[in-house]
Amino acid sequence: MDLIKELLKKEKKLHFTLIDPENQSPKEAGQRAKICYEYGTNAIMIGGSTVDDRELVYRTVESIKRSVDIPTILFPNSSRAVSENADYIFFMMLMNSIDRRFLIEEQIKGASLINEWNIKPISMGYIVISTSRKPTMVERVCNLDRIEGNEIQKAINYALTAQYLNMQCIYLEAGSGAENPVPNEMISAVRAEIEIPIIVGGGIRDGKTAREKTRAGADVIVNGTATEEDCSKIKEIIESIK
Ligand code: 1GP
């Protein structure tokens, strides 16, 4: 089953909340998830660039599942962030990494766990776009073939590659807390060339910006930092995209 396509049959645009297990206690993660759920978020993603404590991921997912009844999706940086109690996992390839670890190695390490624990994989082409002067955490840890915000053809080439590899979606990522989100022109140019759903996240801080991204062609908007800093912004963002 394709979760994103199923959700998109019911709603034109989706919102996913990202919770980094390292940024609050499991109890607080559950509370944050509940607030976003009440505002209408469609799924909770659990992950972060440096998470490597499976037990912490487990306890965070557990608390979130007790608080909300929408899908939980792991968003792992490595096989160590795979936890058996999640519903789904983004089985993702960091397409523009030049490090074999993020292209295929961690996936090989995690595959049998996903199988054994019956977590539903959602294949995803993860494409990191460099939009900020100060490097984001994902840029620092992942050894990238950089794609600048104005390198639109390069982003299209990666996105088409993901589609031809039969991935279920792509994620255009500016990085958590990015100074600038992925540019609208890039999203609309990629949208014009591919059919699979486009997730956009990183540096989206208000409703107006989120709306611009969905108008440009994003199907899913992801917020992480706003969940930690000002939950009322999540309400504004969800209202503006739906
Ligand atoms: C990071 O795109 C997500 O993977 C969320 O970014 O923390 O900037 O919302 P923010």
Side-chain angles (χ1 to χ4, degrees), residues 4 13-24 28-29 32-33 35-36 39 41-52 57 60 72-78 81 88-97 102 106 122 124-142 144 147 149 155 159 169-184 186-187 190 197-214 216 218-238 240-241:
I4 295 180
K13 301 292 176 183
L14 304 173
H15 181 270
F16 290 178
T17 296
L18 172 63
I19 292 189
D20 184 337
E22 289 187 329
N23 290 357
Q24 70 282 290
E28 225 180 320
R32 284 179 177 164
I35 293 170
C36 297
Y39 291 152
T41 199
N42 298 96
I44 308 291
M45 293 164 51
I46 300 101
S49 296
T50 55
V51 180
D52 67 352
V57 179
T60 303
T72 49
I73 311 174
L74 297 174
F75 179 53
N77 66 73
S78 77
Y88 294 86
I89 184 166
F90 278 126
F91 198 71
M92 48 201 272
M93 171 187 278
L94 203 175
M95 302 199 64
N96 62 315
S97 176
F102 298 108
E106 291 297 331
I122 303 168
M124 183 240 273
Y126 188 51
I127 304 169
V128 176
I129 312 297
S130 297
T131 60
S132 307
R133 275 166 302 179
K134 184 170 171 267
T136 59
M137 184 57 85
V138 64
E139 288 181 285
R140 273 184 274 156
V141 299
C142 288
L144 295 176
I147 306 173
C169 57
I170 63 158
Y171 189 146
L172 295 176
E173 167 74 277
S176 190
E179 212 173 302
N180 303 300
V182 176
N184 303 336
M186 180 178 276
I187 298 168
V190 170
I198 302 177
I199 304 170
V200 174
I204 298 172
R205 297 180 173 80
D206 57 60
K208 181 173 170 287
T209 309
R211 181 84 185 120
E212 281 173 19
K213 305 302 160 199
T214 52
D219 299 286
V220 184
I221 296 294
V222 177
N223 283 115
T225 309
T227 320
E228 294 159 18
E229 286 173 357
D230 179 5
C231 274
S232 68
K233 281 284 170 201
I234 300 287
K235 184 170 189 275
E236 175 192 313
I237 289 169
I238 293 174
S240 70
I241 65 168

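For this chain, numbers begin at 1 and follow the sequence in order. Just follow the structure's listing: the first ligand is 1, and inside any ligand the first atom is 1. Note that the coordinates shown come from a computational prediction; the quantities given were computed from them, not determined experimentally.
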Shortest protein heavy-atom distance from [atom], along with the residue and atom involved:
atom                    : value
atom 10 (P) of ligand 1 : Thr225 OG1, 3.5 Å
atom 3 (C) of ligand 1  : Tyr171 OH, 3.3 Å
atom 1 (C) of ligand 1  : Glu173 OE2, 3.2 Å
atom 9 (O) of ligand 1  : Gly224 N, 2.8 Å

Looking at Tyr171 versus Phe75, is the centre-to-centre ring distance below 6.0 Å?
yes
Treating Glu228 as the side-chain partner and Thr225 as the backbone partner, does any N or O pair qualify as donor plus acceptor under 3.5 Å?
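No: the side chain of Glu228 does not pair with the backbone of Thr225.
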Are the side chain of Asn77 and the backbone of Gly47 linked by a donor-acceptor contact shorter than 3.5 Å?
no
Distance-only N or O hit between ligand 1 and [X], under 3.5 Å:
X      : result
Gly177 : yes
Tyr126 : no
Leu18  : no
Phe75  : no

Does Arg205 reach the side chain of Asp230, with side-chain heavy atoms less than 4.5 Å apart?
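Result no, sub-4.5 Å side-chain heavy-atom pair not found.
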Which one holds for Phe16 and ligand 1: side chain close, backbone close, both close, or neither close, with close meaning a heavy atom under 4.0 Å?
neither
Closest approach of [X] to [Y] (non-hydrogen atoms, all atoms of both residues):
X      : Y      : value
Ile44  : Ala33  : CD1-CB, 3.9 Å
Val51  : Val57  : CG1-CG2, 3.5 Å
Thr136 : Ala174 : CG2-O, 3.5 Å
Glu22  : Asp52  : OE2-N, 4.5 Å

Under a heavy-atom criterion of less than 4.0 Å, does Gly203 contact ligand 1?
yes
Atoms of ligand 1 close to [X] [distance to a heavy atom under 4.0 angstrom, numbered from 1]:
X      : value
Asn223 : 9 (O)
Gly202 : 2 (O), 3 (C), 5 (C), 6 (O), 8 (O)
Gly201 : 2 (O)

Give a yes or no on whether a salt bridge exists between Lys134 and Glu179, defined as a side-chain N under 4.0 angstrom from a carboxylate O.
no
